[in-house]
2 protein chains.
Amino acid sequence: MTTINDIAKMANVSRTTVSRVLNNGYASEDVRKRIMRVVEETGYIPSLSAKSLRTKKSGVIGVILPKISTETASRVVSGINEVVAKKDFQILLTDTELDKQKEIDYIRLLQSRHVDGIILLATNVNKQLTDTIEAAGLPFISLGQDLPGVTSIVYDDYHAASDVINMLVSHNHQKIAFIGVGEEDPSVGKLRRMGYLDTLTKYNLSIKEEWMAEGDFSIESGYECAKKIIKNSEGELPSAIFAVTDRMAIGAMEYLREQGFNIPDDIAVAGIGASTMSKHISPSLTTVDYFNKEAGEKAAQLLLAQMKKKKEKEKFIQTYRLIIRDSV
Amino acid sequence: MTTINDIAKMANVSRTTVSRVLNNGYASEDVRKRIMRVVEETGYIPSLSAKSLRTKKSGVIGVILPKISTETASRVVSGINEVVAKKDFQILLTDTELDKQKEIDYIRLLQSRHVDGIILLATNVNKQLTDTIEAAGLPFISLGQDLPGVTSIVYDDYHAASDVINMLVSHNHQKIAFIGVGEEDPSVGKLRRMGYLDTLTKYNLSIKEEWMAEGDFSIESGYECAKKIIKNSEGELPSAIFAVTDRMAIGAMEYLREQGFNIPDDIAVAGIGASTMSKHISPSLTTVDYFNKEAGEKAAQLLLAQMKKKKEKEKFIQTYRLIIRDSV
DNA sequence: ATTATATATGGAATCGATTACACAACCATA
DNA sequence: TATGGTTGTGTAATCGATTCCATATATAAT
């Protein structure tokens with residue numbers, strides 16, 4: 001490996017000058033040319049470890065995902081990347097596999113790698129997590145969960161869920177079942193469920209335990225939840241099922257189709273997420289678009305801004321859009 | 001930030017000892033305890049930039065993708081991550097957006113970041129690319145394209161395509177249309193097309209220009225290609241369409257459905273990729289599973305092996321599996 | 001001609017770790 | 001008691017950049 005010292009020697013200048021030329025180009029015409037020629041010839045690439053050690057900046061931003069291979073995650077990452085790549089930052093990717101200890105470990109790891117900032121897609125929210133973030137003292141953005149003390153971009157889960165119910169009611173549905181996830185996840189688990197419950201209450205519709213089931217984000221769990229709901233409510237079947245994610249909605253549709261139910265005539269289905277699939281299955285799935293990529297872009301922009309100038313915690317609510325399709 | 005020197009002072013030892021304790025734990029019981037206590041108390045995190053500068057190892061492996069937000073990419077990355085995370089490596093992610101210059105730039109960039117190895121999902125293959133790889137002198141794996149001089153994992157595109165045609169023929173299809181992509185992409189563009197053409201020839205089936213169209217991987221382009229094929233072949237419609245990717249196959253299905261064709265009775269459709277969607281649309285799509293995640297895992301394993309001990313170029317052919325579903 | 005100012009360059013410290021080498025203390029063996 | 005081997009610890013060089021400060025030269029102002 002050629003180093004800055006080699007270049008300096010070959011160009012007959014000090015390494016100080018080489019560094020300056022490469023960073024701001026400050027030098028006499030003559031010297032600059034001489035240096036650049038040597039750089040070209042040798043194919044010299046500066047060591048970013050050395051640079052980072054000295055400057056405390058790495059040009060890397062850390063992204064912590066709950067799970068890499070989901071459509072949401074990949075859209076968000078794509079949005080983030082689009083923004084940061086323009087400023088010559090790269091992304092260091094970590095995957096917690098939904099393990100809350102790893103969320104914390106990775107923050108510390110990224111810190112030790114001197115990343116310039118972190119974007120976290122949290123699933124669990126707890127004190128230890130926020131303490132670790134606090135201690136890291138890095139520019140930090142939380143996406144998808146509102147973290148105390150941390151600038152957050154959140155989806156409007158409550159109103160999105162609520163709007164889905166509004167829409168179902170306006171389609172004359174009175175008996176609406178629910179497929180949710182665990183409450184450790186404040187956004188998807190709690191808020192969406194609250195949106196569902198509160199809106200039913202608003203319309204004075206009955207809330208039945210038998211019409212509620214809890215899955216784990218997977219298509220299969222959606223299938224199982226639908227089965228459970230249908231089995232448990234022999235007397236009175238729901239006329240619609242609202243699943244808090246598209247994948248679970250799609251699993252539910254599969255079960256219903258298998259059982260000979262017509263969607264939407266016998267039972268309507270709605271999800272959240274605007275997955276590619278939702279558009280292309282049949283009947284196409286009514287869902288909520290959360291603009292994940294835009295959220296990723298926004299997160300990246302906020303992070304870059306925060307890297308320039310530390311700011312107070314802010315909270316941004318990402319807009320959403322209800323997409324009404326054939327499944328209702 | 002507390003440094004190793006701070007720890008040394010506080011524990012009343014030299015930084016050498018601190019380093020040793022933290023790396024191999026070599027020290028007397030007494031000293032070790034003293035140091036660990038201070039480490040705990042201060043929450044000391046060693047600087048990986050400094051470490052990397054000294055050791056020439058970063059614990060990071062670079063991944064270069066043609067496009068982040070595709071199912072293939074996210075499966076592969078997930079496979080890679082699963083393997084390398086176990087060995088405490090992280091992934092530095094870059095996205096070329098299908099730009100061949102960026103493929104080269106990113107290799108150099110990753111090199112300057114002292115990544116310990118690179119996994120590249122190339123789309124374009126050219127001399128400059130292989131030269132850059134050669135020059136980087138890093139452990140390197142190419143996934144999806146066979147790169148001269150570089151250990152590669154390739155999908156068996158030719159035979160996969162060929163098998164799709166075999167299967168269609170065995171379902172009594174004689175008139176098989178084709179939706180492909182550009183030939184700059186040796187694997188998807190060239191090999192899959194050759195598999196199609198050669199197999200038609202083998203069966204003595206006619207190859208018609210009107211039955212062939214070229215898309216760009218997107219669902220929309222699949223739709224357009226199907227339209228073009230149907231329009232151009234007024235006299236004699238094909239009885240099956242083979243698209244080289246699931247997304248294009250799904251686009252094609254959409255057009256056919258719109259036009260009132262029954263799938264598979266009027267026209268059968270097959271794709272490649274085993275996307276999640278292929279399983280859940282209706283009719284479910286016949287496709288080829290390339291085991292992308294496993295390919296990612298394999299790539300990671302090979303890379304780790306190569307990091308231990310430089311090896312000759314090898315070429316691995318990833319297995320595939322034909323999944324016959326309702327669309328044929 | 002002298003002083004002040006701008007411009008271009010180099011010297012040397014520094015960032016935070018690792019590691020080759022030296023050395024001291026201790027115990028065991030002959 | 002001298003010799004040698006272990007074991008534990010420290011000294012100092014090193015990795016490859018950046019950057020503060022000093023200095024030399026050229027140019028402008030008085």
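Proteins get letters first, then strands, A, B, ... in listed order; numbering begins at 1 in each. Keep in mind that the numbers below use all heavy atoms, side chains included, and drop hydrogens, waters and symmetry copies.
Atom CD1 of B/Ile104 and atom CG of B/Asn126 lie 5.5 Å apart (nearest 0.5 Å).
Counting non-hydrogen atoms of other residues, nucleotides and ligands closer than 6.0 Å to NZ of A/Lys33 gives a total of 12 or fewer. Sparse packing is recorded around NZ of B/Lys309, with 12 or fewer heavy atoms of other residues, nucleotides or ligands lying under 6.0 Å away. For NZ of A/Lys102, the number of neighbouring non-hydrogen atoms (other residues, nucleotides, ligands) closer than 6.0 Å is greater than 12.
Atom C1' of nucleotide D/dA17 and atom CG of A/Leu53 are separated by 8 Å, given to the nearest angstrom.
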Nucleotide N/O of nucleotides 8-12 of chain D paired with protein N/O under 3.5 Å:
residue	atom	partner	partner atom	Å
D/dG8	N7	B/Tyr26	OH	3.3
D/dT9	OP1	B/Ser28	OG	2.9
D/dT9	OP2	B/Ser28	N	2.8
D/dT9	OP2	B/Ser28	OG	3.2
D/dG10	OP2	B/Ser14	N	2.8
D/dG10	OP2	B/Ser14	OG	3.2
D/dG10	OP2	B/Thr17	OG1	2.7
D/dG10	N7	B/Arg20	NH2	3.2
D/dG10	O6	B/Arg20	NH1	3.3
D/dT11	O4	B/Thr16	OG1	2.8
D/dA12	N6	B/Thr16	OG1	3.4

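Between A/Ser19 and D/dT18 there is a side-chain N or O to OP1 or OP2 distance below 4.0 Å. Remark: A/Asn23 is in phosphate contact with D/dT18, judged by side-chain N or O atoms under 4.0 Å from OP1 or OP2.
Salt-bridge annotation for A/Glu41 and A/Arg37: present, with a side-chain N of the basic residue lying under 4.0 Å from a carboxylate O of the acidic one. The pair A/Asp146-A/Lys313 meets the salt-bridge criterion, with a side-chain N (NZ, NE, NH1 or NH2) lying under 4.0 Å from an Asp/Glu carboxylate O. Taking a cutoff of 4.0 Å between a charged side-chain nitrogen and a carboxylate oxygen, B/Asp105 and B/Lys100 do not qualify as a salt bridge.
A side-chain hydrogen bond (donor to acceptor under 3.5 Å, both in side chains) check over residues 2-12 of chain B, counting only residues at least two apart or in different chains, returns the pairs B/Asn5-B/Arg15.
Here the range on DNA chain C touched by chain B, meaning any atom under 4.0 Å from one of its heavy atoms, is C/dG16 to C/dA20.
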